[in-house]
J.: 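Okay, here's the structure, questions in a sec.
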Amino acid sequence: MKRVLDNQILRFAVASATICGIVLAYFRWVRVNPAIVGFTFLVAILVVSTAWGLRYAVFMAVVATLAYNYFFLPPVLRFIIADPQNWAVLFAFLFTAVIASQLSERARREAFESNQRRRELERLYAFSQQLLATDNVFELLNSIPRYIVDAFSISDAAMFLNAKQQSYYMRIESQSIFPSEQLEAISSRGEPVLDRQHSLCFMPLRLGVRAVGSIALAGCDLSRETLEAIGSLTAIAIERANALEKLTRTEAARESDRLRSVLLDSVTHEFRTPLTAIKASAETLLSDVELDKPQRRDLLTVINEESDRLNRLVGEAAEVVQLDSHQLEFHFEPHHIREVLDNAINASRQALQRHPLQLNVPDNLPLVRIDIDRITEVVVHLLDNAAKYSPPETPIQITAEHRNGEVVTSVADHGSGIDDVEQEMIFEKFYRGRNQRMTVQGTGMGLAIARAIVELHAGKIGVTSQMGKGSLFQFSLPVA
């Protein structure tokens with residue numbers, strides 16, 4: 001308060017000093033007619049009115065009128081006007097100075113209000129952009145007070161929501177400034193409270209005619225229109241985020257049901273073949289049929305292999321669920337990609353029995369930071385696919401190379417190829433090629449699992465294929 005008073009006194013002093021300077025200049029040094037002096041006073045008054053406002057301009061006009069009378073209208077150095085025409089001149093000067101000051105003050109005030117509205121519109125736009133950038137309801141609700149403070153340069157903010165009966169503060173200390181009871185009362189009444197003396201503003205959040213909550217601002221000098229716009233934007237953003245969250249949950253539930261159905265259909269179909277083989281072999285062994293040793297061994301081998309296949313199907317189904325829910329744990333360590341390939345070839349030896357293997361892996365490749373079991377699983381899926389979809393006795397090539405800070409591993413086959421449309425779809429869950437669905441066993445989970453694992457290693461996986469020539473699957477992993 002004292003600082004404001006000192007500033008006002010200083011401005012009055014400067015206005016008085018300006019009049020004194022003009023009087024001194026024209027009375028002592030530069031001799032001109034009174035009309036020029038009057039215009040000089042008028043210009044000085046307009047400058048002060050434009051810069052500081054009407055109060056100082058009127059004060060300056062009165063002082064200038066007295067000085068004009070005393071120093072420049074005869075008889076000079078006396079507050080007496082001998083010529084009646086000079087009275088008209090004096091009052092015309094005073095009237096012109098006051099009216100011109102009022103007009104200048106109005107123009108200055110309108111320019112200030114226009115600039116203030118422009119700044120508030122720019123801030124409202126920035127605030128709306130921040131609200132639209134956040135779709136997560138929990139994150140949005142906790143961020144709105146900070147968004148308001150950042151966008152409108154105020155000192156503190158808080159928000160209350162009816163639906164959750166909860167207050168959200170920019171910081172813990174804000175609770176003492178904005179009690180929850182007061183925020184709830186503003187929301188219940190639906191009427192704003194503007195305490196300009198303490199720079200506190202309370203505004204209901206309106207969605208149409210319905211109040212969904214309230215906001216409170218400290219250090220607030222915003223117009224009521226701007227405050228209402230902030231409340232409306234905030235209410236709309238909250239409703240939008242709620243709607244998006246509900247839509248996302250609905251779509252997630254629908255997708256979950258669809259995946260569950262597809263998974264059940266796929267796994268049920270795939271389970272039947274090994275179960276049928278295991279059941280038939282077991283019944284044969286349990287029957288009274290006399291079997292020699294090789295026959296018994298063949299039946300036991302069937303049981304063993306089909307049990308492994310069943311176990312793998314169950315494992316893949318469980319892994320898909322874990323990957324979708326981000327519950328799969330990874331243990332990253334530096335490894336040479338050759339370790340991965342050796343493990344994968346050993347695990348896929350049965351599938352590769354009828355395919356010559358060509359391996360091209362330089363020894364000087366850099367290490368990659370991976371979960372070796374998971375990346376081995378990726379290569380096993382690629383090798384199994386290459387073996388299943390390639391004619392017997394055709395070779396399978398495995399190569400690895402260092403390229404642009406990544407180790408790129410490729411598995412190439414000589415199968416029938418994949419057309420351009422299906423190349424975009426084969427990494428989706430449960431998708432299987434149109435021409436192989438009925439002829440080649442599988443659930444369509446292998447490549448989806450492989451892609452998820454590679455992407456969780458910050459890598460990429462893709463396929464290049466030519467119809468009738470074969471396919472090349474490759475994945476890249478960042479160098480450790």
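Residue numbers start at 1 and run along the sequence shown.
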J.: Tell me, do Thr376 and Val380 make a side-chain contact under 4.5 Å, heavy atoms counted?
T.: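 In contact.
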
J.: Return yes if some donor-acceptor pair links the side-chain N/O of His355 with the main-chain N/O of Ile396 below 3.5 Å, else return no.
T.: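 The answer is no, because no donor-acceptor pair under 3.5 Å joins these two groups.
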
J.: For the atom pair CD (Glu225) and CG (Leu227), what is the distance rounded to the nearest 0.5 Å?
T.: 9.0 Å

J.: Flag the pair Lys460 / Glu455 as yes when at least one side-chain heavy-atom distance between them is below 4.5 Å, and no otherwise.
T.: no

J.: Just by distance, do the side chain of Gln165 and the backbone of Asn162 share a donor-acceptor pair under 3.5 Å?
T.: yes

J.: Of all heavy-atom pairs between Glu406 and Pro478, which one has the smallest distance, and what is that distance?
T.: CG-CA, 4.3 Å

J.: For the residue pair Asp195 / His198, report whether a side-chain donor-acceptor contact shorter than 3.5 Å exists.
T.: yes

J.: Might you work through the side chain to side chain contact (heavy atoms under 4.5 Å, CB included) test for His402 and Val479, ending with a clear yes or no?
T.: CA-CA 9 Å; His402 182 206; Val479 171; 3.7 Å; yes

J.: Which distance, rounded to the nearest 0.5 Å, do you find between the CG of Leu382 and the CD1 of Ile461?
T.: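 So the CG of Leu382 and the CD1 of Ile461 are separated by 5.0 Å.
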
J.: Considering only NZ, NE, NH1 and NH2 on the basic side and carboxylate oxygens on the acidic side, decide whether Arg171 and Asp156 come within less than 4.0 Å.
T.: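 Yes, this pair counts.
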
J.: Considering only NZ, NE, NH1 and NH2 on the basic side and carboxylate oxygens on the acidic side, decide whether Arg118 and Glu122 come within less than 4.0 Å.
T.: yes

J.: May I have the step-by-step check of side chain to side chain contact (heavy atoms under 4.5 Å, CB included) for Ile186 and Ile215, ending in yes or no?
T.: CA-CA 9 Å; Ile186 296 295; Ile215 55 171; over 6 Å; no

J.: Is there a donor in the side chain of Ser187 and an acceptor in the side chain of Ser214, or the other way round, less than 3.5 Å apart?
T.: no

J.: Answer yes or no: is there a donor N or O on one side and an acceptor on the other, between the side chain of Ser465 and the main chain of Ile418, under 3.5 Å?
T.: yes

J.: Does the side chain of Val361 reach to within under 4.5 Å of the side chain of Thr399, using non-hydrogen atoms?
T.: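 Not touching, per the 4.5 Å side-chain cut-off.
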
J.: Tell me if a side-chain donor or acceptor on His414 pairs with a main-chain N or O of Pro395 at a distance below 3.5 Å.
T.: yes

J.: When rounded to the nearest 0.5 angstrom, what is the spacing between CD1 in Ile375 and CG in Leu477?
T.: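 Between Ile375 CD1 and Leu477 CG, I get 5.0 Å after rounding to 0.5 Å.
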
J.: Of all the heavy-atom pairs spanning Gly417 and Met467, show the shortest one and how long it is.
T.: C-SD, 3.8 Å

J.: Under 3.5 Å, side chain of Ser155 to main-chain N/O of Ala218, donor-acceptor pair present?
T.: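 Yes, Ser155 side chain to Ala218 backbone: donor-acceptor pair under 3.5 Å.
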
J.: Taking C-beta and beyond as the side chain, do Phe178 and Leu200 meet within less than 4.5 Å on heavy atoms?
T.: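 Yes, their side chains come closer than 4.5 Å.
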
J.: Look up atom CG in Leu103 and atom CG in Leu46, then write down how far apart they are to the nearest 0.5 Å.
T.: 9.0 Å

J.: Walk me through it: do Val340 and Ile337 pass the test side chain to side chain contact (heavy atoms under 4.5 Å, CB included)?
T.: CA-CA 5 Å; Val340 174; Ile337 196 66; 4.2 Å; yes

J.: If you compare all heavy atoms of Ser390 against all heavy atoms of Ala386, which two are closest, and at what distance to 0.1 Å?
T.: OG-O, 2.6 Å

J.: For Ser348 and Ile345, indicate whether the former's side chain and the latter's backbone hold a donor-acceptor pair under 3.5 Å.
T.: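 Checking the backbone N and O of Ile345 against the side chain of Ser348, no donor-acceptor pair under 3.5 Å is found.
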
J.: Can you name the nearest heavy-atom pair linking Arg196 to Cys201, along with the distance?
T.: NH1-SG, 3.8 Å

J.: Rounded to the nearest 0.5 Å, how far does OG1 of Thr464 lie from CD of Gln466?
T.: 10.5 Å

J.: CD/Glu339 to CG/Leu367 distance, rounded to the nearest 0.5 angstrom?
T.: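 Those atoms lie 8.0 Å apart.
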
J.: What closest approach, in Å, do Ala216 and Leu183 show between heavy atoms, and which atom pair accounts for it?
T.: CB-CD2, 3.5 Å

J.: So, for His457 and Phe330, is the gap between ring centers shorter than 6.0 Å?
T.: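 Distance test on ring centres: under 6.0 Å, yes.
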
J.: Are Glu401 and Arg403 ion-paired here, with the side-chain N under 4.0 Å from a carboxylate O?
T.: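 Answer for the salt bridge query: yes.
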
J.: So does Glu173 get a backbone contact from the side chain of Ser176, meaning a donor-acceptor N/O pair under 3.5 Å?
T.: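 Answer holds: yes.
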
J.: Quick check on side chain to side chain contact (heavy atoms under 4.5 Å, CB included): which of Leu233, Leu131, Leu141, Leu207 does Ile238 satisfy it with?
T.: Leu141

J.: Is any side-chain heavy atom of Val463 closer than 4.5 Å to one of Leu472?
T.: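 They are not in contact (no side-chain heavy atoms under 4.5 Å apart), so the answer is no.
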
J.: Any side-chain heavy atom of Asn7 within less than 4.5 Å of one from Arg11?
T.: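 Yes, their side chains come closer than 4.5 Å.
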
J.: Would Ser174 and Tyr168 count as having a side-chain donor-acceptor pair, cut-off 3.5 Å?
T.: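 No, no side-chain donor-acceptor contact under 3.5 Å.
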
J.: Quick one: are the ring centres of Phe127 and Phe152 less than 6.0 Å apart?
T.: yes

J.: Looking at Arg123, Gln116, Glu120, Arg119, which one forms a side chain to side chain donor-acceptor pair (under 3.5 Å) with Thr226?
T.: Glu120

J.: Give a yes or no answer on whether the side chain of Asp371 reaches the backbone of His331 with a donor-acceptor pair at less than 3.5 Å.
T.: yes

J.: Count the heavy atoms belonging to other residues, nucleotides or ligands that lie under 6.0 Å from OH of Tyr125, then report whether that count exceeds 12.
T.: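 No, OH of Tyr125 has 12 or fewer neighbouring heavy atoms, counting only those of other groups under 6.0 Å.
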
J.: Of the non-hydrogen atoms in Pro362 and Ala400, which two are nearest, and what is the gap between them?
T.: CD-O, 3.2 Å

J.: Quick one: are Glu228 and Arg206 in side-chain contact, heavy atoms under 4.5 Å?
T.: no

J.: Check whether Asn360 reaches the backbone of Gln397 with its side chain - one donor and one acceptor, N or O, closer than 3.5 Å.
T.: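 A pair under 3.5 Å: no.
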
J.: Verify, without hydrogens or angle tests, whether Ser307 (side chain) and Ile303 (backbone) share a donor-acceptor contact under 3.5 angstrom.
T.: yes

J.: Could you go through His381 and Ile449, starting from their C-alpha distance and side-chain angles, then the distance that decides it, and tell me whether this counts as side chain to side chain contact (heavy atoms under 4.5 Å, CB included)?
T.: CA-CA 9 Å; His381 283 304; Ile449 292 172; 4.2 Å; yes

J.: For Lys388, is there an ion pair with Asp384 - N to carboxylate O distance below 4.0 angstrom?
T.: no

J.: Take a 6.0 Å sphere around CG of Asn346 and say whether it holds more than 12 heavy atoms from other residues, nucleotides or ligands.
T.: yes

J.: For atom CG of Asn364, decide whether the heavy atoms of other residues, nucleotides or ligands shown that lie under 6.0 angstrom number more than 12.
T.: yes

J.: Can you tell if the side chain of Val407 reaches within under 4.5 Å of the side chain of Pro366, non-hydrogen atoms only?
T.: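 They are in side-chain contact.
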
J.: Measure the acute angle between the ring planes of Trp52 and Tyr56, then classify it against the limits of 30° and 60° as parallel, tilted or perpendicular.
T.: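 It falls in the perpendicular class, over 60°.
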
